[in-house]
Engineer: 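This structure is in structure tokens; I'll ask about it shortly.
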Amino acid sequence: MTTDQAPPPVTRRATPRWRADLRLGTRIAVMRAGGLALALRGDPVARLMHRPWRLDPYPTYARLRAAAAETGGVVRSRTGINAVATHEACTAVLRDRRFGVRLADGRMPFDPTDDAGSASGHDPTDPGTALIEPIDLSLLALDAPDHTRLRRLAQPTFAPKRLAQYRETARTVTGRLLDDAAAKGTFDLTTDLAAPLPISVIAELLAIPDVDTPRFARWGRALGAALDGVRSVRHAHALSRATADLRALFADLVERRRADPGDDVISQLVAALDEDTLTLDELVSLAQLLLVAGFETTTNLVGNAVRALQATGTWDDLAADPGLAAGAVEETLRFDPPVQLTARFAHEDVEIGSRRLRRDSGVLVLLASAGRDPAAHPDPDRFDPRREQTTTHLAFSGGAHYCLGAALARMEGEVALEMLAERMPGLRPAGKIEPRVATVLRGPVHFPVRAD
Ligand code: HEM
């Protein structure tokens, strides 16, 4: 190339991207530093978002429940975020129709790329914000009536009669994964069992051909981490790539099913598309939610269960009686749930205890804290797979957004634990667990174990 040539277009594109990265990186760093400062000064809500406190959030939840006792439910933090931490207050907010997942006028509450961190949505003309396509969480980010319409369309996928078929798949896949793991000696519970199992089941549910498991796991990790907000420029790029790949995958699948319909959920949704009860964007987002909600969570359930069973010595009870698996799953959901919290926004002024929440204020609903509330669960810090669950835990949330895949997740967790206990009764840790660096999702990213 000679020097008198016009600058190539790539140079012109590279500059805004570089500036966008810098700007986004700076914004993330400033927000994190502000939060960390509050965490260091003892603010419990800020502590939920930062190391080292978030590695074990349960003492912070206990503090929040104690503070809530004085206010009758809602705790306000210097971060400007409200939180509910007791079983009673969490249940009340989840079931209260005056709360939704959007603002009262239907706008999205906040965007990780929003300058003010306020409710104003993102500015597509700002290169720092244009870098990231906001993730569309489908049902999780919709209020009625759109939520009701879409949920009805998704519900048949989870009908009890289908569960038996998925159980067969789960057993076959688990058997194969355990054969491979046994051959290795020391293996990684997360990457060799807990992640590929739900990916295979959800791929069958969506009838996705030729599943590339490591690629799916990567998408799931990027999107799952985004539930905490975008944590770095690198993460922002991974997120954009994952979203674009998933959109392409499902757009292609829609075309295939239209040409050759089957008995799967995508074929059913394509029919709704053709009847005009669903748009293509809604279909793609819903399929994406089913995919990601379906495996990141269940992966953590299996990891958290084995970790708790091993740490409390109750693994031996399960090994002696694999029939305890269902109880161990239920106790894990109460004691150390994969989804720690969610959020709701008041659609009008609401009073909870002595606190008034103004219209559009957000409130974190600490599902995991509710599971450790002594007012709902006797001796809550003790893990006991034989516990009689007298109060329903909130691991699957409650109200309009109650998890659609709860029965499927319970079944997969039970199959994994039961078969592990039958085939590897001597299972024990074989190294340090690497925890997920996250606030919303909780579980081991790597969990080395041995079976002999
Ligand atoms: C242990 C595993 C799982 C846990 C802990 C879990 C937890 C949750 C929670 C807490 C919510 C509601 C969030 C909120 O209220 O804002 C939810 C919603 C949802 N979950 Fe799950 N989930 C699990 C497994 C699954 C599976 C296997 C699927 C499907 C394949 C699934 C599909 C969904 C869907 C579609 C929603 C949205 C429901 C709605 O907004 O109406 N989940 N899940």
Side-chain angles (χ1 to χ4, degrees), residues 84 90-91 93-96 99-102 109 136-144 146-159 162-163 166-167 169-170 194-195 197-206 208 216 220 224 227 264-265 269 282 285-305 328-345 362-368 370-371 392-417 440-443:
V84 282
C90 290
T91 309
V93 170
L94 291 172
R95 291 190 182 159
D96 192 328
F99 286 92
V101 294
R102 291 184 168 232
D136 184 343
L137 291 171
S138 181
L139 288 174
L140 285 173
L142 288 174
D143 287 325
D146 288 334
H147 175 260
T148 325
R149 175 175 52 88
L150 246 67
R151 193 169 159 112
R152 261 193 215 125
L153 290 170
Q155 226 143 12
T157 317
F158 301 98
R162 293 199 173 236
L163 209 63
Y166 303 144
R167 182 181 283 269
T169 306
L197 166 61
I199 290 176
S200 302
V201 174
I202 202 77
E204 172 171 330
L205 187 144
L206 294 168
I208 300 176
F216 273 51
L227 295 175
D264 59 283
V265 61
L269 294 175
E282 285 175 334
S285 306
L286 182 58
Q288 188 174 300
L289 171 68
L290 291 177
L291 181 72
V292 178
F295 65 77
E296 272 300 283
T297 47
T298 311
T299 301
N300 293 338
L301 172 63
V302 173
N304 292 355
V329 164
E330 224 44 43
E331 180 66 339
T332 305
L333 289 164
R334 177 196 72 78
F335 180 80
D336 197 15
V339 180
Q340 296 269 301
L341 57 91
T342 183
R344 293 291 184 269
F345 296 84
V363 54
L364 291 183
V365 183
L366 302 175
L367 308 170
T392 317
H393 56 69
L394 300 181
F396 293 121
S397 189
H401 292 272
Y402 182 80
C403 175
L404 266 177
L408 182 64
R410 283 183 164 118
M411 178 278 285
E412 288 177 39
E414 192 186 325
V415 166
L417 292 184
V440 177
L441 295 181
R442 182 171 160 81

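For ligands, and for the atoms within them, numbers begin at 1 and follow the listed sequence. Counting begins at 1 with the first residue of the sequence.
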Engineer: Compare all side-chain heavy atoms of P337 with those of N300 and state whether any distance is below 4.5 angstrom.
Structural biologist: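 When only atoms from C-beta onward are counted, N300 and P337 do not touch, as no gap falls below 4.5 Å.
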Engineer: Would a 4.5 Å heavy-atom cut-off, applied to side chains only, mark L394 and T91 as touching?
Structural biologist: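 Result yes, sub-4.5 Å side-chain heavy-atom pair found.
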Engineer: Using the six-membered ring wherever Trp is involved, compare the ring planes of F396 and Y402 and label them parallel, tilted or perpendicular (cut-offs 30° and 60°).
Structural biologist: perpendicular
Engineer: Residues in salt bridge (charged side-chain N to carboxylate O under 4.0 Å, His left out) with E204, at least two apart?
Structural biologist: none
Engineer: For ligand 1, output the ligand-protein N/O contacts shorter than 3.5 angstrom; if there are none, return none.
Structural biologist:
unit_1: ligand 1; atom_1: 15 (O); unit_2: R344; atom_2: NH2; d: 2.7
unit_1: ligand 1; atom_1: 15 (O); unit_2: S397; atom_2: OG; d: 2.5
unit_1: ligand 1; atom_1: 16 (O); unit_2: T342; atom_2: OG1; d: 2.6
unit_1: ligand 1; atom_1: 16 (O); unit_2: R344; atom_2: NH1; d: 3.0
unit_1: ligand 1; atom_1: 16 (O); unit_2: R344; atom_2: NH2; d: 3.4
unit_1: ligand 1; atom_1: 40 (O); unit_2: H401; atom_2: ND1; d: 2.6
unit_1: ligand 1; atom_1: 41 (O); unit_2: H147; atom_2: NE2; d: 2.7
unit_1: ligand 1; atom_1: 41 (O); unit_2: R151; atom_2: NH1; d: 2.7

Engineer: Does some side-chain heavy atom of F335 sit less than 4.5 Å from a side-chain heavy atom of N304?
Structural biologist: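 No - every pair of side-chain heavy atoms lies 4.5 Å or more apart.
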Engineer: Counting only heavy atoms not in R149 (residues, nucleotides, ligands), do more than 12 fall under 6.0 Å from its CZ?
Structural biologist: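 Yes, enclosed.
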